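A quick note: this is a predicted structure, and the numbers were derived from the prediction, not measured. Count residues from 1 along the sequence.
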Amino acid sequence: MGEFEDDTVAEAQVVEETQVQEPRVPETCPCSLFEQVPVAMLLADCELNVIAGNNAFWERVCDRVPPPEGTPLRDALPAELFAGVEKALAQIAEDGTPAEVPGLRLYSSGQPQRVIDLRVSTVTREGRRLITIAANTVPDTGRRLAELTLLNDMVRVLRQEEEIDRVFYAILTCATAGTGGIGFNRAWLLLVDQEGEWLEGRMALGPGSEEEAYEIWARVAAEPHTLDDFTAAYSIWADQQPNEVQEKVQQMRFSMTDDADRVPVLAALQRRAINIQNASTDERVSDELQEMLDVEEFVVVPMIVSDQPRGVLMADNRYSHEPIADGDIRLLTLFAQHAGLALESALAYSEIQRGRHELETAYTSLQRTQAELVRAEQLAAIGEMAARIAHDLRNPLVTIGGWACDLAEEPDDPDVVRRAAKIIANEASNLEEILSMLLEPLAQRRLRLGPIDLNSLVVDRAITSESGFGQRGIEIELDLARDLPRIRADIAQLRRCLQNLLDNAADAMPNGGTVKLSTWQDDENVCLSIEDTGVGLSNEASARIFDAFYTTKHYGSGIGLAVVWDTIRAHGFEIDVKSEPGAGTAFIIRIPKMHTVRDEASETQREID
């Protein structure tokens, strides 16, 4: 070793916490100055043989006595440390700059587990290439405490979400957030489908371009945010979708069988993290995936639940070009375990919510069906009622017949004629009312469908009712839309429905008022409303207004609106009521446009049962 000169020094490093600085150390001999360098340091030749190392390196890092000069590094160093040196030298060979390998874990029987930050550089002296290796032992408890603190905060944020999309977003935010997260540039979430046949992209997070990345980093630097702030921005992010990254992830779909030897499926099946460092040449990366990611280095970590792969997380540093550190991979792997559990919980919650919605829908449908069955039973009861009161109809018929006979016997007696005519007219009117209110809804007549101008029908009923309404202090207003399509309906049935609704509106205004008839159309329906300014209805009355025999009047049988409901529904139309006590009532008939006539020339009248 006399060939080395005392006045020359090689590069070394001084480690303060996690940052390593480079002191000047002898390049030619391990003299006393070499031992004074406050860094665990080793000098080797280009053939990877030991030249010299200080006691700090052999005792504190390697936990062994110094080996003889010329010992191969493979034999002199722990396997993990030698692998780190090889990795650093490969990086130096690529770019020629010193390489750092943080977070190396060393194990030995004489010392507890140690975490080493390694820095390797090369120098050339008198034509000879030398390698300097500097190592800093980081207290594992401190590193683990920092990792656990960060992991705990990310898991806390993750557990605050229940909706599946928000859980997706929280997972990706924890992976990409520079403050409070792991700090990757981009992250991709893929899940295994329920059949276990496909690994499918669900959500991605990250900038779509280098300009966007620097804009985001500048904004975050100017106004720091917490992890909670980032995850709370889900609604803003969702409103801005889809972006380039999100569009890419939705195109990702990998077969769990055909792509089993390639990432990302490989990571899921092998249940371990895979760090791809040269995507363009790595056989485990398909051309399609490499084109999508457009990056050489990325990491894939599995999400395992109950020893089964549920998905994977992929992450990269596409825009910062920072190498993916082992510590970040380790932390992402730990986080992925919790993310998998959170996903499983969110999926279960989503399934519960879906089941709940289906039950609520089924219950609502059941209630509607039950109500319609009850209504049908009530209408059927009208038939029984009509049969039971048929004998009551004999009384007015007998009366009419008797007075008709009297007229025949005494046609010249004015008093008899007037009295008989009045009684016959009253009884006939009573018969008409009874028959129309009770027997007509039960008549088994067929709907005779034909094209109808709804506006013309409304005008016809308004003119017919105008005289009688005027005597009661009721005005009729019309607000009819132009260019309404003709509807297909039974004009006689629909005329009676409209007249019933007009009469009902008039009865609701004993002191006079206004009835407004309006027509309009939207994308789905042609609509007709009959609106009055009467006394209005309570919520209970509105809910029961179409029930047979239900009435809010002191007179009447409660049949009229039940007949309206039955007729409107028989046509396939809808009718609703809106009312407030003291604010009037509005009946709205909605006619789906499937019941309109587009080509009148080809329309023929049809009969349906």
Side-chain angles (χ1 to χ4, degrees), residues 429-430 432-441 447 452-481 484 487 489-521 525-537 541-542 544-571 573-591:
S429 177
N430 289 338
E432 281 187 9
E433 183 176 353
I434 292 172
L435 290 174
S436 63
M437 298 292 284
L438 292 177
L439 298 181
E440 185 175 1
L447 293 176
I452 297 174
D453 186 328
L454 184 60
N455 283 345
S456 297
L457 178 62
V458 172
V459 171
D460 173 70
R461 289 298 88 197
I463 293 174
T464 302
S465 304
E466 185 176 13
S467 177
F469 278 27
Q471 294 175 8
R472 299 167 68 177
I474 298 172
E475 294 182 358
I476 298 178
E477 293 183 1
L478 299 179
D479 182 13
L480 307 180
L484 282 183
I487 64 172
D490 185 321
I491 189 169
Q493 295 272 19
L494 202 58
R495 183 187 296 117
R496 287 181 175 85
C497 287
L498 182 53
Q499 190 62 56
N500 268 342
L501 292 171
L502 282 169
D503 292 340
N504 188 77
D507 292 341
M509 298 181 290
N511 299 320
T514 301
V515 176
K516 184 177 181 180
L517 301 174
S518 305
T519 61
W520 70 93
Q521 64 175 320
N525 302 291
V526 174
C527 303
L528 165 64
S529 73
I530 301 93
E531 185 177 2
D532 64 61
T533 57
V535 295
L537 299 170
S542 295
R544 300 186 58 193
I545 195 65
F546 295 113
D547 292 348
F549 308 115
Y550 179 79
T551 180
T552 59
K553 307 172 187 175
H554 297 296
Y555 55 92
S557 61
I559 297 298
L561 291 180
V563 173
V564 170
W565 169 273
D566 187 48
T567 303
I568 293 298
R569 298 289 291 184
H571 277 79
F573 306 164
E574 298 286 343
I575 183 168
D576 295 317
V577 60
K578 296 181 180 180
S579 184
E580 291 182 11
T585 301
F587 288 91
I588 302 172
I589 299 174
R590 293 182 175 85
I591 304 168

TODO: Tell me, with the steps shown, if L502 and L517 meet side-chain contact (heavy atoms from CB on, under 4.5 Å).
DONE: CA-CA 9 Å; L502 282 169; L517 301 174; 3.9 Å; yes
Open item on the list: Would V564 and F587 count as a side-chain contact (heavy atoms from CB on, under 4.5 Å) here? Give the steps.
Closed with: CA-CA 11 Å; V564 170; F587 288 91; over 6 Å; no
TODO: Report the C-alpha distance between I487 and L494 in whole Å, list the side-chain angles of each, state the deciding distance to 0.1 Å, and finish with yes or no for side-chain contact (heavy atoms from CB on, under 4.5 Å).
DONE: CA-CA 11 Å; I487 64 172; L494 202 58; 3.8 Å; yes
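Between the side chain of S579 and the backbone N or O of G584, at least one donor-acceptor pair lies under 3.5 Å. D532 contributes a side-chain N or O that, together with a main-chain N or O of T585, makes up a donor-acceptor pair within less than 3.5 Å.
Remark: D576 CG to I568 CD1 distance equals 11.0 Å, nearest 0.5 Å. One distance of note links CD1 of I588 with CD of E531; it measures 8.0 Å at 0.5 Å rounding. Atom OG1 in T514 sits 11.5 Å away from atom CZ in F469 (nearest 0.5 Å). The CG atom of D507 sits 8.0 Å away from atom CD1 of I474, with the distance rounded to the nearest 0.5 Å.
Contact detail for L478 and A462: the closest heavy-atom pair is CD2-CB, 4.2 Å. Nearest approach of I452 to A489, heavy atoms of both residues: CD1-O, 3.3 Å. The shortest non-hydrogen separation linking G513 to T533 is CA-OG1, 3.5 Å. Annotation for C527 and R590: closest pair SG-CG, 4.0 Å, computed over non-hydrogen atoms.
With sequence neighbours excluded, no residue satisfies side chain to side chain donor-acceptor pair (under 3.5 Å) with E580. With sequence neighbours excluded, the residues satisfying side-chain contact (heavy atoms from CB on, under 4.5 Å) with T567 are Q493, C497, V563, H571. By the side-chain contact (heavy atoms from CB on, under 4.5 Å) test, T519 pairs with L454, N455, V458, L480, A481, L484, L528, sequence neighbours left out.
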